[in-house]
Each structure stands twice: as C-alpha cells, then as structure tokens.
Amino acid sequence: MSAAASNGFEPVIGLEVHAQLLTRTKQFCSCPTSFGAEPNTNVCPVCLGLPGALPVLNAEAVSMAVRTALALHCTIRERSIFARKNYFYPDLPKGYQISQFDLPFSEHGWLEIPDPASPEGTRRVGITRVHLEEDAGKNLHGVVLAEGRSVVDLNRAGTPLIEIVGEPELRSAADAVAYLKQLRDILVALGVNDGNLEEGSFRCDVNISVRPRGSSVLGTRVEIKNVNSFRHVQRAIEFETARLAAVVEAGERFGQHTRQWNDTEGSTVFLREKEGSDDYRYFPDPDLPPLVLESAWVEARRRELPELPADRRARLCSALKLSPYDAEVLTGHPRIAEFFDGVLATRPEDPVWAKRAANFVMTEVLADTRTHGLQASFPATPAQISAILELVDAGTLSGKQAKELYARVRGTPDDPASVAAAAGMVQMSDTALLEELCRKILESNPKQVAAYRGGKSGTLGFFVGHVMKETKGSANPAIVNELLRKLLAT
Ligand code: ADP
Ligand code: MG
Ligand code: ZN
C-alpha cells in the first residue's frame with residue numbers, strides 16, 4: 001500500500017485504555033491480585049461466579065479510580081451505577097462482566113499532549129469517561145500442565161480495572177503515542193498502575209477511521225484490539241490509515257468491525273463484526289447498590305493528588321530554566337522524578353544548581369539506573385549526588401574529578417566528601433603553580449601562540465586541554481582560562 005494512498009485522507013483516532021489498578025485485593029472479593037501464582041489458586045466463590053456469592057466493592061479501587069479521574073480533569077458523578085455486560089466466553093464464569101455503562105462515575109475530562117504547532121506547545125485531548133470494571137480470566141494454551149493442554153486460569157478474574165475512553169481527537173500515529181505516554185505517566189505518577197504495556201496491565205484498543213482532509217464528518221471506524229507496545233500502536237495506525245484510505249478511495253463499503261494487529265506481518269487482519277451495546281444486554285447489577293461519592297470525600301481525594309508529570313515539567317522549565325528535553329527525561333518515571341527532587345532539595349530554587357544537577361544525573365546516574373514498573377534502583381543516593389556537586393560548587397573538585405568521585409562512591413554508602421579527602425582529590429587552584437605550568441606550555445608551543453595572537457582565538461582550547469592533561473584533569477578550568485588569556489595578551 002503506497003503512502004500516496006493516504007494523501008487525500010486524514011486519520012481520526014480515539015483510544016480506549018484498560019488499566020489494572022494496583023490494589024492488593026480484587027474488585028469485588030478479597031482474593032489477592034498478585035501475579036504469577038499457580039492457576040486458579042487466587043479464587044473464591046465470588047470471582048468464580050458461583051451461585052449465591054455476593055460482590056462487595058473494593059474501597060481502595062474506588063479511591064484510586066477517583067484520583068485518576070480527578071488527575072484527568074473529569075467531573076465526578078455523585079451517584080453511579082454498576083451494570084452487567086453480558087457475553088459468553090470461557091474466561092468469564094459469571095457470563096457477565098461487572099462494568100459501568102450509561103452512568104459511569106466520571107466523564108468530560110482532558111489531558112494535554114505536546115503540539116509544536118500551538119503557541120502553548122501543547123494541546124488538550126478530550127477524555128470521554130473513566131469507569132470502573134473488572135478483568136476477566138485468561139486462557140492458557142499449552143504452557144501449563146502439559147503440551148497441548150489448555151487451562152482457564154481465573155486468578156485474574158475480578159481484578160480491578162479502570163477504562164479510560166478518549167475522544168476521537170487524535171490526528172496521527174504520533175498524536176496517539178503521545179497521548180498514551182502522557183496517560184501512562186499520569187497513572188504511574190499516581191501509583192495506581194504500573195504502566196506495563198508488554199505485560200498487559202496497561203492495554204490499548206485503537207479506534208480509527210479516515211476522512212477526506214478538511215472534512216468534519218466522522219468516517220466508519222474499525223477497532224484494533226489490544227495493541228501492546230508504543231511501537232505497535234505507531235505501526236498499526238500508520239498501516240491502518242493507508243489501508244482504510246485505499247478502501248475508501250476505491251469506493252468499497254465496510255461496516256464497523258474489530259481487527260487485530262500482527263506485528264510480524266506488519267498488518268491488521270479482520271477479527272469479527274463489531275458488537276453493538278445492544279448485543280451486551282446491559283442492565284443495572286441487582287447485587288450492587290449505586291456507588292455514592294460525596295463531594296467532601298471527592299475533595300479529600302483531590303487534595304491527595306501528587307504533583308503530576310506535566311506540572312513537574314512546567315516547574316523544571318519555567319522556575320528552574322531546564323530545557324524541555326531535560327525536564328522530560330527527569331520526570332519520565334516517578335522514582336526518577338523523586339530522585340532528582342532529592343538532589344535539588346538543598347537549593348530547590350536555584351537554576352544554576354538545577355542545571356548542574358540535571359547534567360550530572362542524566363549523564364552519570366541514569367546510565368546505571370534500572371526501572372521496572374513502578375520500581376527503580378539507583379546506584380547512589382540523592383544526598384551523595386548533591387554532596388559531590390557541593391564539592392564542585394565550592395571549587396574543591398573539577399567536573400572531571402566529580403565523575404571520578406562518583407565512580408568511587410557508586411554502590412557504596414560512603415560519604416563523598418570523606419572519600420575525596422581520603423583519596424587526596426582536590427582541584428588545583430594554586431594560581432602560582434598553574435601560572436608556571438601555563439607559561440611552560442606556551443613556551444613549548446610557539447606556533448599555536450603565534451596563531452592565537454594572529455587572531456585564532458579558538459587556539460585557547462588547545463592550551464587549556466594541555467594544562468588539563470598535565471594535571472590529570474584536576475586544574476581549576478576557570479583559573480586556567482583566565483591565566484592563559486592574561487599570558488597570551490602580554
Ligand atoms: P466501544 O466500547 O463500543 O468500542 P466506546 O464508546 O467505549 O465504544 O469507545 C469508542 C471509542 O472509539 C472512543 O475512544 C472514541 O473516541 C472512538 N471513536 C468513536 N467514533 C470514532 C470514529 N468515527 N473514528 C475514530 N474513532 C472513533
Ligand atoms: Mg471499544
Ligand atoms: Zn475472589
């Protein structure tokens with residue numbers, strides 16, 4: 001399919017995201033949500049759907065869901081209803097999923113994605129609704145028991161989910177990936193989800209249609225189910241845009257349907273006709289009372305919200321003058337953001353300190369930082385890093401020595417100042433000694449001296465480099481620069 005096929009058309013994309021809430025227990029029973037247990041060991045009459053077992057709503061899940069909706073600027077409905085979504089599938093023993101349908105607990109929100117075309121640099125994308133539901137079980141094929149055997153594992157059945165439905169306001173694959181990244185960062189910052197697309201705790205369905213550029217009517221959409229990485233989302237949208245454009249251009253008619261992304265083939269395939277909401281026979285679950293969220297309680301949840309990634313980035317860029325790129329890297333993971341705040345802690349409002357800290361954390365610390373889900377392991381503590389940077393600030397250490405000191409301190413609980421003192425690491429700031437060295441270097445490089453005096457001011461770096469080499473990086477560069485300028489001017 002040629003790229004030209006999509007030229008006259010633009011894609012319209014809306015994403016549905018299902019995120020597992022990091023509660024200790026399931027949505028409507030007290031079974032643990034822990035991952036990786038033997039099949040069918042984390043189950044009880046409620047999540048097995050045995051007759052007569054009654055669901056009881058998990059308060060922790062409600063609290064996490066409400067915090068998420070508030071962070072996404074949604075309006076909270078005071079009285080919402082749980083509904084039964086009826087369908088048959090082996091991993092759904094009750095024959096229905098408890099979800100929310102016409103009265104979800106929240107709606108009308110938005111989040112911001114980067115948009116270079118807008119003067120603010122960002123653009124709002126609408127969130128239609130956030131609602132609570134439960135996960136289904138999982139069919140395992142040939143991986144447990146024995147080759148060729150299949151198992152319905154209900155450990156995941158009843159795990160709390162939130163579904164976040166986005167408005168069809170995304171206009172490109174890049175928009176969709178940006179939206180997903182923002183959403184994932186927000187959920188992870190709230191601590192409600194581990195943001196893991198590959199392991200399926202953050203799952204995305206891509207809805208996409210195409211229309212002639214400039215048109216304002218929506219075309220018929222197809223839904224691509226469970227696309228499980230940012231790269232797959234990007235590729236699936238690019239492929240599907242071109243495919244739909246060719247289909248529409250050829251005048252072929254098609255109905256709403258569900259497709260699947262095949263990453264090996266690099267294409268989507270037809271899965272099934274789209275089921276309409278009528279097919280699910282939604283009705284209010286008679287076992288669950290309405291969910292009532294009093295405004296005082298909701299406001300208390302709002303006060304619990306942490307600083308969100310977008311606000312953190314804004315603080316780093318405007319108050320601390322860091323570049324958008326640095327801010328992005330330093331807020332991309334909540335533990336990294338906390339670590340960086342820890343380094344800033346002694347001088348939280350000093351842009352010079354912030355820049356120095358950002359450079360050091362990004363080039364040194366992050367190189368050996370490992371993140372997994374919500375966890376991260378760091379090679380040093382924020383206090384050790386700020387102690388190293390204090391030595392640079394005081395002129396005791398050069399930048400190069402700071403890196404050496406970090407290499408010695410890394411992975412130990414040692415205090416950087418003591419390690420530096422014990423190793424005799426001090427920056428050379430003895431002006432008389434440095435002047436003598438500078439003179440010697442100028443004397444042995446007459447050609448370069450003549451070139452400098454003839455107007456080639458770039459030669460200064462050559463001399464500085466020599467001094468640094470002679471002193472094994474310990475010379476104070478500011479003093480060396482000043483001395484060389486003075487000596488070369490005479
Ligand atoms: P369903 O569960 O039936 O898929 P939802 O209302 O939960 O329905 O989700 C619909 C999703 O499809 C939303 O994310 C919405 O933005 C998107 N969508 C709706 N119409 C279109 C369209 N014409 N083109 C692209 N996306 C669309
Ligand atoms: Mg859908
Ligand atoms: Zn259970």
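These values consider heavy atoms only, across backbone and side chains, with no hydrogens, waters or symmetry-generated copies. Just follow the structure's listing: the first ligand is 1, and inside any ligand the first atom is 1.
- Counting atoms of ligand 1 from 1 in the listed order, those under 4.0 Å from a heavy atom of Gly219 are 23 (N).
- An N or O contact shorter than 3.5 Å links Arg221 to ligand 1 by distance.
- Between Ile208 and ligand 1, not a single N/O pair is under 3.5 Å apart.
- Proximity of Leu15 to ligand 1, defined as any heavy-atom pair under 4.0 Å, is confined to the backbone N, CA, C and O atoms.
- In this structure, Asp287 pairs ionically with Arg84, as a charged nitrogen and a carboxylate oxygen lie closer than 4.0 Å.
- Between Phe105 and His131, the distance separating the two ring centers is not shorter than 6.0 angstrom.
- Taking a cut-off of under 4.0 Å to the non-hydrogen atoms of Lys274, the atoms of ligand 1 that pass are 1 (P), 3 (O), 4 (O).
- Not a single donor-acceptor pair under 3.5 Å links the side chain of Asn196 to the backbone N or O of Gly373.
- To the nearest 10 degrees, the Zn ion (ligand 3) sees SG of Cys47 and SG of Cys44 at an angle of 120°.
- In this structure, Asp91 does not pair ionically with Arg156, as no charged nitrogen and carboxylate oxygen lie closer than 4.0 Å.
- The ring pair (Phe, Tyr, Trp, His ring centres under 6.0 Å) with Tyr282 is formed by just one residue from the set Phe101, Tyr96, Phe82; it is Phe101.
- At the Zn ion (ligand 3), the angle from SG in Cys31 to SG in Cys29 is 110° when rounded to 10°.
- Checking side-chain atoms of Lys26 against main-chain N and O of Asn155 turns up a donor-acceptor pair under 3.5 Å.
- Using a 4.0 Å cut-off between heavy atoms, Glu169 makes no contact with ligand 1 at all.
- Counting the atoms of ligand 1 from 1 in the order shown, those under 4.0 Å from a heavy atom of Val12 are 24 (N), 25 (C).
- Taking a cut-off of under 4.0 Å to the non-hydrogen atoms of Glu223, the atoms of ligand 1 that pass are 4 (O).
- Distances between N or O atoms of Pro168 and those of ligand 1 include at least one value under 3.5 Å.
- Between Glu223 and Lys274 there is a salt bridge, since at least one side-chain N of the basic residue sits less than 4.0 Å from a carboxylate O of the acidic one.
- In summary, the side chains of Glu198 and Asn228 do not present any donor paired with an acceptor at a separation below 3.5 Å, with no hydrogens or angles considered.
- Using a 4.0 Å cut-off to heavy atoms of Glu167, the atoms of ligand 1 that qualify are 16 (O).
- When each of Leu389, Val365, Thr412 is tested with Gln384 by the rule side chain to side chain contact (heavy atoms under 4.5 Å, CB included), just one qualifies, namely Thr412.
- With a 4.0 Å heavy-atom cut-off, ligand 1 is reached by the side chain of Val165 but not by its N, CA, C or O.
- The residue among Gly166, Gly14, Gly126 with a heavy atom at the shortest distance from atom 13 (C) of ligand 1 is Gly166.
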